[in-house]
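Working notes, structure below.
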Amino acid sequence: MQDNREFEPIEAEEKKKSDGKRLFLIFIIVFAIVFCAVYFGAKYYYNRKAEPATTTLPASTAQTIDDRVENPIDFKTLIEGNSDIYAYIYIEDTNVSYPIVQSPTDDEFYLKHSAEDKSYLPQGAIYTELCNHKNFNDPFTIIYGHNNYGDSMFTTLHYFEDSEFFESHPYFYIYTPDRRLTYQVVSAFKYDDRHIMNMYTNFSNRTLVDDFQKVVLNPESSLKNVREELDVTVDRDSKFVILSTCITNQPSSRYLVCGVLTKDEKTY
């Protein structure tokens, strides 16, 4: 009987060769996979890089193409009710949200008449006088409204007596049919009952304009709040709106909230 032990070294050698071929084949396959991944990955990257860039603009940026802002006031309906309506004032977190009127003949008419339809109304309306133009381009536009008729008209302007409210409510807004005017509240203070426009002769003199600017920016009053840092530099071209109302039980005093124009935007 033949001894099989002489064949064992041959079988071991054959097995070793077979394992080597298998490892080499695995290496080739892995190399091919890696090569393809790198090749096609690089090709995809450079193809993407060569494509034209596409950027989606944020809504706020896209809106600058038109450069207008929304006007929420229905001036058509308001003016149909009363053609003396020419603007609208809004102050956040107060009850000041009213049309602004100007009588073409009588400065005192809207002391006791409604802006909506000119009917008699004890609390009157929010109004300007004939000494002011209706385009808000005067150095100072004075807007009047009653105090102490509940919380209506300009009663809630007195919220600005509180320093925290003053600091947290830096702006008020005036709309016209085609503009939104943003005013930063410069100061709010107690003043006397002198007629501002008459006292400064309608601001026809540059020196008088400068004088009243100083009053607005640094009022001499025991009841005042003043904003130290403003969005704009106040100069001779600055446009102010002065909101004027009474002080309860002080007939010879007025409370003024003064704003300087910081932004004039067209509306749609």
Side-chain angles (χ1 to χ4, degrees), residues 71 73 75 78-79 82-91 96 98-111 115 124-146 153-154 157 160 170-189 191-219 226-227 230-246 254-267:
N71 192 327
I73 310 303
F75 277 101
L78 288 173
I79 293 171
N82 182 4
S83 60
D84 290 347
I85 294 173
Y86 72 96
Y88 196 98
I89 184 169
Y90 171 73
I91 307 177
V96 179
Y98 293 106
I100 302 172
V101 289
Q102 185 179 107
S103 170
T105 58
D106 182 5
D107 280 340
E108 295 186 356
F109 180 79
Y110 285 107
L111 280 170
I126 305 302
Y127 68 96
T128 58
E129 297 180 333
L130 288 166
C131 52
N132 271 132
H133 296 92
K134 294 189 287 186
N135 57 12
F136 298 96
N137 286 338
D138 294 330
F140 295 92
T141 298
I142 317 298
I143 303 178
Y144 301 94
H146 278 306
M153 299 302 137
F154 272 177
L157 283 185
F160 285 96
Y171 303 103
F172 64 83
Y173 305 90
I174 291 178
Y175 290 88
T176 69
D178 60 356
R179 297 160 71 195
R180 182 178 74 176
L181 307 173
T182 300
Y183 292 86
Q184 187 171 26
V185 180
V186 175
S187 59
F189 59 97
Y191 198 61
D192 57 47
D193 64 347
R194 287 176 293 174
H195 191 281
I196 294 171
M197 297 298 283
N198 289 344
M199 183 173 62
Y200 288 91
T201 60
N202 296 344
F203 298 103
S204 58
N205 183 296
R206 184 66 245 182
T207 300
L208 297 178
V209 173
D210 294 342
D211 288 345
F212 194 66
Q213 274 193 6
K214 293 175 183 176
V215 172
V216 168
L217 295 174
N218 188 25
V226 179
R227 197 171 307 282
L230 301 177
D231 297 346
V232 296
T233 300
V234 174
D235 56 27
R236 290 193 163 193
D237 295 322
S238 296
K239 310 300 182 188
F240 289 83
V241 161
I242 312 297
L243 310 179
S244 175
T245 194
C246 296
R254 298 291 181 268
Y255 189 69
L256 307 182
V257 175
C258 309
V260 63
L261 181 66
T262 60
K263 194 179 295 184
D264 184 348
E265 300 167 291
K266 293 181 179 180
T267 62

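Being a predicted model, the structure only gives us computed values, none of them experimental. Computation of the quantities below employed the complete heavy-atom set of this structure, encompassing side-chain atoms and omitting hydrogens, waters and symmetry-equivalent molecules.
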Checklist entry - Strictly by modelled atom types, are Y171 and T262 linked by a side-chain donor-acceptor pair under 3.5 Å? => result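 No pair is found: no donor N or O on one side chain lies under 3.5 Å from an acceptor on the other.
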Item to check | Pairs meeting criterion salt bridge (Lys or Arg N to Asp or Glu O under 4.0 Å) with involvement of residues 197-207, two or more places apart | outcome: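 Of all non-adjacent pairs touching residues 197-207, those that pass salt bridge (Lys or Arg N to Asp or Glu O under 4.0 Å) are R206-D210.
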Hey, what do you get for [atom1] ([X]) to [atom2] ([Y]), rounding to the nearest 0.5 Å?
X: L217; Y: L230; atom1: CG; atom2: CG; answer: 7.0 Å
X: R254; Y: L157; atom1: CZ; atom2: CG; answer: 13.5 Å
X: D264; Y: K266; atom1: CG; atom2: NZ; answer: 9.5 Å
X: E129; Y: Y144; atom1: CD; atom2: OH; answer: 4.0 Å

Check whether any side-chain heavy atom of [X] sits under 4.5 Å from a side-chain heavy atom of [Y], and report yes or no.
X: Y191; Y: P219; result: no
X: Y175; Y: F75; result: yes
X: Y127; Y: D84; result: no
X: F240; Y: V234; result: yes
X: I196; Y: F140; result: no
X: Y88; Y: L78; result: yes
X: I143; Y: I126; result: yes
X: V101; Y: F109; result: no

Item to check | E108 atom CD, neighbour heavy-atom count above 12 within 6.0 Å | outcome: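 It does not: E108 CD has 12 such atoms or fewer within range.
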Item to check | Residue H133 excluded, over 12 heavy atoms near NE2 under 6.0 Å | outcome: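 Count not over threshold, so no.
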Shortest non-hydrogen contact from [X] to [Y]?
X: A188; Y: F160; answer: CB-CB, 3.8 Å
X: T267; Y: T176; answer: OG1-O, 4.4 Å
X: K263; Y: L261; answer: O-CD1, 3.4 Å
X: Y183; Y: F136; answer: OH-CB, 3.7 Å
X: F154; Y: S244; answer: CD1-O, 3.5 Å
X: S103; Y: L130; answer: O-CD2, 3.3 Å

Checklist entry - Listed by chain and number, what are the side-chain contact (heavy atoms from CB on, under 4.5 Å) partners of N218, not counting sequence neighbours? => result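 For N218, the residues satisfying side-chain contact (heavy atoms from CB on, under 4.5 Å) (neighbours in sequence not counted) are K224.
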Using modelled atom types and a 3.5 Å cut-off, is there a donor and acceptor pairing between side-chain atoms of [X] and backbone atoms of [Y]?
X: Y98; Y: M153; answer: yes
X: Q102; Y: K134; answer: no
X: S187; Y: C258; answer: no
X: N71; Y: R180; answer: no
X: Q213; Y: D235; answer: yes
X: N132; Y: I142; answer: yes
X: R179; Y: N135; answer: yes

Checklist entry - Can you name the residues that form a salt bridge (Lys or Arg N to Asp or Glu O under 4.0 Å) with D211, not counting sequence neighbours? => result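 None.
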Item to check | V186/R227 under side chain to side chain contact (heavy atoms under 4.5 Å, CB included): CA gap, chis, key distance, verdict | outcome: CA-CA 5 Å; V186 175; R227 197 171 307 282; 5.6 Å; no
Next on the checklist: If you apply the rule side chain to side chain contact (heavy atoms under 4.5 Å, CB included), what do you find for D138 with F203, and how did you get there?
Outcome noted: CA-CA 8 Å; D138 294 330; F203 298 103; over 6 Å; no
Checklist entry - Do L243 and I91 pass the side chain to side chain contact (heavy atoms under 4.5 Å, CB included) test, and can you show the C-alpha distance, the side-chain angles, and the key distance before you say yes or no? => result CA-CA 11 Å; L243 310 179; I91 307 177; 3.8 Å; yes
